[in-house]
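Each ligand, and each atom within it, is numbered from 1 in the order the structure gives.
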Amino acid sequence: MTTRIQIEMRPGPSQLLPSSFIDHASTTPLHRQIFQAYRDAIVEGRLHAGDRLHSSRQLAALLGISRIPVVGAYDQLLAEGYCESRVGAGTFVVGRLPVASGAAPSPLAAGEPGAPGGPRDISQGPVARLQPSPPWLVHPGAFALGEIAVDHFPFASWARLVARRSRDTDLAQVRYGGGMGFLPFREAIADYLRRERGVRCGAEQIVVVSGSQQAIDLAARVLIDPGNAVWVEEPGYWGARNAMAAAGARLVPVPVDDEGLDVETGIARAAEARAVYVTPSHQFPLGATMSATRRLRLLEWARRSGAWIIEDDYNSEYRYQSQPITALQGLDRDARVVYVGTLSKVLFPALRLGYLALPPDLVARFLATRIAMDICPPTALQAAFSDFIAAGHFARHLRRTRELYAEKRLAMGGAIREAFGDRLRIQGDRAGMHLTVLYEGIADDRELAQRAADRGLWTLPLSYCHLGTPPHRGLVLGYGGIPIGEIPGAVRRLVEVFDSFAGAANG
Ligand SMILES: Cc1ncc(COP(=O)(O)O)c(C=O)c1O
């Protein structure tokens, strides 16, 4: 909010006169406007050390306001050290401020550190190469990735449980919690992972984090030294790539095919890699399930080379033509797998709750690193989720959403085939809440995605998932959030985008 009071210099003992006016329409309270005006005048050198301010009575009269806000502003100037009060003499600008004793600070010369437009001394290390997310990744709407069926989430039950935990006077809910997370939540997660995902773990191996992204970032910080080679799936999940890159990893793209990560190519490219990031249950974004042969080969390579496997088990709960595929971690006999899971898909992403199931000997290092990052996860939400599981809501919600997403998947497949015929090939629709369509012809998938976004369709260009040159053109389409009835219309709009793009390219 702009403060409109202005300070003007006048000769004489009482040099300071607020010449202009106070903005009575502003939402900034009067005492704050007056304080900010004086503070700025002092910091900018328009008021000097030893200058005397009007008495509060005079200033209130000059401004035509009550004395209360003026006294409040003066108190704040005194409390923050811009002014001092001398008994019987009044309020004066202090002499110790670097600019208060002389003229306004001179502008920085070009080339001086901090001069406008000049270089700023921030890290030029790995984080300097990270880019902000493009709009198609963050915008909600038809086909947006990461959206879930909010309209089918049992918010009433959830709200009741959260409210109950928020009213809980047990101080464990409001104090800092342990860095590992809330024990009943970790027990519930460990139990769920053992039963549903075939993960071999106890609660003492579970560290709660704010979603898989923090889990992967934490794993990168703990496991990787700058310059280490790390295999990443090609195409793959940019979020994991970013976390690895931020830790200074040298990213080694390893292709995926129908059996998932091509382990032999990984070994040929960088046998000495410190770690690999994989999505074995449902490869992101092409959807392959990693074959048993590849899983065992990957574990064998990790065992022999001492590498770490970061298994991102995102979306594994939703599988349409078979039971969920068990986790790679359950096959590991050498404690080389760092397992990553999230509630973003099965509850909702803004909850920011995820978890790691760790090799026992890594727990202490992960814990220390996690505490350095953000101390602990939010206890009340973990407690509410534990209640959500205990009351049977979670199992019920999973059952219902499995059916719902299965219907959406069928509707998507049907609408795409009807609208596009054989111009598109659907891939990766056996699990999760997105599929990938591959097509020929249109080279610039980012431009295509931008044009789709102009029509309210938030698709992800496949090239964004590649480090190198993509061999296929494609778009990744989420269907978790879109109501079933809107799918055919959205797909028809997508056809129009394709047609107009192809028409423009030919014309
Ligand atoms: C491959 C993959 N892993 C993990 C996630 C979820 O991240 P988070 O748990 O941080 O919300 C996503 C989100 O889209 C994803 O695509």
Side-chain angles (χ1 to χ4, degrees), residues 133-134 136-141 143-150 153 181 189 193 197 206-220 231-244 246 256 260-261 276-290 309-319 325 327-329 338-357 370 373-374 377-378 381-382 385 405 427-436 458-462 464-467 474-481:
S133 289
W136 349 276
L137 276 188
V138 288
H139 205 289
F143 304 141
L145 275 183
E147 295 243 316
I148 54 135
V150 266
F153 185 74
I189 292 292
L193 292 179
R197 307 295 312 121
I206 304 292
V207 172
V208 183
V209 286
S210 69
S212 356
Q213 190 61 33
Q214 191 184 33
I216 299 165
D217 182 47
L218 192 51
W231 297 1
V232 289
E233 294 170 323
E234 172 80 345
Y237 180 46
W238 64 90
R241 262 190 343 236
N242 286 344
M244 302 296 162
V256 292
L261 186 83
V276 51
Y277 165 83
V278 264
T279 50
S281 300
H282 184 224
Q283 200 277 326
F284 185 90
L286 296 182
T289 303
M290 196 175 196
I309 299 170
I310 301 166
E311 175 181 20
D312 182 352
D313 203 25
Y314 89 106
N315 256 348
S316 54
E317 295 82 358
Y318 297 117
R319 187 142 203 111
I325 305 292
L328 175 65
Q329 194 267 11
V338 167
Y339 176 93
V340 172
T342 182
L343 297 186
S344 286
K345 313 289 174 184
V346 286
L347 258 69
F348 49 90
L351 190 59
R352 304 314 299 146
L353 279 181
Y355 42 84
L356 289 145
R370 183 276 142 70
M373 287 163 78
D374 74 343
L381 289 179
Q382 296 174 78
F385 181 74
Y405 294 131
Q427 188 138 353
D429 67 335
R430 277 176 294 182
M433 310 171 193
H434 66 260
L435 50 79
T436 299
W458 301 93
T459 66
L460 171 74
L462 185 58
Y464 194 71
C465 303
H466 278 267
L467 268 179
L475 294 178
V476 188
L477 309 178
Y479 55 83

Under 3.5 Å between some N or O of ligand 1 and some N or O of Asp312? yes
Note: ligand 1 atoms sitting under 4.0 Å from heavy atoms of Ser344 are 8 (P), 9 (O), 11 (O)
Classify the ring geometry between Phe153 and Phe348 as parallel (under 30°), tilted (30 to 60°) or perpendicular (over 60°). perpendicular
Of all the atoms in ligand 1, which lie at a distance below 4.0 Å from a heavy atom belonging to Gln213? 10 (O)
Smallest separation among heavy atoms of Tyr237 and Tyr277, with atom names: CD2-OH, 3.4 Å
Below 4.0 Å from ligand 1: does a non-hydrogen atom of Gln214 turn up there or not? no
Under 30°, 30 to 60°, or over 60°: which ring-plane class applies to His139 and Trp458, parallel, tilted or perpendicular? parallel
Taking both backbone and side-chain atoms of Arg352, is any N or O found less than 3.5 Å from an N or O belonging to ligand 1? yes
From Arg197 CZ over to Gln329 CD, what is the distance, rounded to the nearest 0.5 angstrom? 11.0 Å
Run the numbers for me: atoms of ligand 1, each under 4.0 Å from some heavy atom of Gly211, listed by number. 9 (O), 10 (O)
Check if Tyr277 has a non-hydrogen atom at a distance under 4.0 Å from any atom of ligand 1. yes
Run the numbers on Phe143 and His434 for ring pair (Phe, Tyr, Trp, His ring centres under 6.0 Å), then give the verdict. CA-CA 8 Å; Phe143 304 141; His434 66 260; over 10 Å; no
Would Leu145 count as a contact of ligand 1 if the rule is a heavy atom under 4.0 Å away? no
Using distance alone, with no hydrogens and no angle criterion, decide if Arg319 and Thr289 have a side-chain donor and acceptor under 3.5 Å apart. yes
Numbering the atoms of ligand 1 from 1, which are under 4.0 Å from a heavy atom of Phe284? 1 (C), 16 (O)
Distance from Glu233 atom CD to Asp312 atom CG, nearest 0.5 Å? 8.5 Å
Thr342 N/O under 3.5 Å from ligand 1 N/O: yes
Could you tell me the residue and atom name of the protein heavy atom closest to atom 12 (C) of ligand 1, and the distance to it rounded to 0.1 Å? Tyr237 OH, 3.4 Å
What part of Ser212, side chain, backbone, both or neither, has a heavy atom within less than 4.0 angstrom of ligand 1? both
In the protein, which heavy atom is nearest to atom 14 (O) of ligand 1, and how far is it? Lys345 NZ, 3.1 Å
Parallel, tilted or perpendicular, judged at 30° and 60°: which one describes the rings of Tyr355 and Tyr339? parallel
Exercise: identify the closest heavy-atom pair between Arg241 and Tyr464: NH2-O, 3.0 Å
